[in-house]
Amino acid sequence: MNIKDLHLSNSLTKNKETFKPITPGFIGMYVCGPTVYSDVHLGNVRTFISFDIIYRTLLQLGYKVRYVRNITDVGHLLDDGEDRISKGARLNKLEPMEVVQKYTNGFQEMMRIFNNKKPSIEPRATQHIIEQIEMVQQILDNGYAYIANGSVYFDTLKFHEEKKCYGQLSGRVIEDLISESRDNLKNQSEKKHPSDFAIWMKAAPDHLMKWNSPWSVGFPGWHLECSVMSTKYLGETFDIHGGGNDLKFPHHENEVAQNVGSCGCQPCNYWLHTNMLLMNGKKMSKSDGNTITPDQLFTGDSPHISKAYTPMVIRFFMLQSHYSSTNDLTDDGLLAAEKGYKRICEALKTLESLENNSTSDQLDKELLQPLDQFMTEMCDDFNTPRAIAQVFELVTKINSLKEGHLDINKISTAALNRVKTELPGYIQDVLGLENEQGAGNNDALDKVMALVLDLRQGARTDKNWAVADKIRDALAGANIVVKDGKEGSAWTVN
Ligand code: AMP
Ligand code: ZN
């Protein structure tokens, strides 16, 4: 594979650039991970699937990738200044680390369910308090921070006057930031300028998570952990830094300021930002009920959907939009994704059964052109929708070969064998779509379930609810969820 041809959209320069790694053949990539104070939501899932695709594509191209994705387990403040983890712990009468462990487990399990590869390193903020204190000291020594009442603030104005780069990543203008600071409003008066942000905060006596430092018993500011952990594991300047675009400001802007303010260099060469997940055209939001959890999608138990969907169908749905566009989750979109994914799975089975013994290469191009185009699209800023269009092109060709509309003897055996090995590899290794039951991959189960649901439909038509419910409950006991909809019943394996 030609690894020179990768292009990606760099949010720092706002240009699509040819990727050049710092060390040929190796890539360091840091992605901001979850704050583990509540269950992972679908928006998070979208962002981490996007970076999983990026990681998989880089591996496919032959790079050795060190992928670091952190766990934020301290320092992410709410508007009232309280740490999200501490607040969760206080409300539920738990140890903060119990909260952290519970939601870290849940997050990792969700990543597994959606078939995201594990990162190479998954560091936690609380494991790096000493390094964070060291970076605060470096920033103080360089004159870009000041101490106020036991807290330490980053001096954004002084930094900007000297380095001229505060706001470069997010496009914010420092003068406009007066009222937009996201950390402790109670401590605004301690700051020289409202756009300054805390890199160390003195803890109130009842604060649960706190550590000794030269300035106070306190805790690090939220942005600091990513500067520290990316530097520790990937070096002062590494290749790719990613996250959702809602993190551009203040989180990533402040990360850049901390890195430049401590070591004098930019943290990375390429910033990649994923766009947000919407539902029915609106931002997913808990407050107006426009939200759905992964579990609700798996069981179908939500007014927003007509049936249950499997994790791979949801993953496939998400891949149908480019990571930098918004993605609108709708029932119609999921239904279409389910149909499309099933077509692909069936075509892969058909492909396995195709055989020939031919040296004629008359029609080889019909198969090899979309096959080669797949990686070309992935190398063009990880364009999954256009890569998937190539897969559908191949699905059509495979079906034509099976039905005889395309003459299999005009395809060389060598070309057919290439498709047989490379296409399933692209789907499984690059797109991360595993075969799953209920999507055309398990003939026996598909047939048995079609029979069971047909018998159950008969019972329902006869208003024999006892039998219909008995079947549904027995299937539930075998982890098979049946959801009744307008167009009949559907099932998924939980
Ligand atoms: P958080 O746990 O809120 O810090 O978020 C973890 C990651 O998920 C970050 O990269 C966020 O940008 C991303 N994220 C949060 N909400 C959404 C959303 N609605 N759509 C896509 N990504 C999101
Ligand atoms: Zn971060």
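In each ligand, atom 1 is the first atom listed, and ligand 1 is the first ligand listed.
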Y233 versus Y30: any side-chain heavy-atom pair under 4.5 Å?
no
Which protein N or O atoms sit under 3.5 Å from any N or O of ligand 1? Give each pair with its distance.
| unit_1 | atom_1 | unit_2 | atom_2 | d |
| --- | --- | --- | --- | --- |
| ligand 1 | 2 (O) | T35 | N | 3.0 |
| ligand 1 | 4 (O) | T35 | OG1 | 3.4 |
| ligand 1 | 5 (O) | N44 | ND2 | 3.2 |
| ligand 1 | 8 (O) | N44 | ND2 | 3.0 |
| ligand 1 | 10 (O) | G244 | N | 3.0 |
| ligand 1 | 12 (O) | G244 | N | 3.2 |
| ligand 1 | 12 (O) | D246 | OD1 | 2.3 |
| ligand 1 | 20 (N) | L277 | N | 2.9 |
| ligand 1 | 22 (N) | G43 | O | 3.0 |
| ligand 1 | 22 (N) | T47 | OG1 | 2.7 |

Excluding sequence neighbours, so at least two apart, what forms side-chain hydrogen bond (donor to acceptor under 3.5 Å, both in side chains) with S230?
none
I'd like to know if the side chain of T237 and the backbone of Q266 have a donor-acceptor N/O pair within less than 3.5 Å.
yes
Keeping the roles fixed (side chain from R46, backbone from L278), state whether a donor-acceptor pair exists under 3.5 Å.
no
For Y67, does the six-membered ring have the charged nitrogen or CZ of K117 within the cation-pi criterion, i.e. under 6.0 angstrom from the centroid and within 45° of the normal?
no
Check whether any side-chain heavy atom of V313 lies under 4.5 Å from a side-chain heavy atom of L297, and answer yes or no.
no
Protein N, O or S within less than 2.8 Å of the Zn ion (ligand 2), waters excluded
C32 SG, C226 SG, H251 NE2
For K64, check salt bridge (charged side-chain N to carboxylate O under 4.0 Å, His left out) against everything at least two apart and list the hits.
none
F317-Y309 aromatic ring centre distance below 6.0 Å
no
Here's one to test your reading of the geometry: is the NZ or CZ of R69 within 45 degrees of the ring axis of F51 and under 6.0 Å from its centre?
no
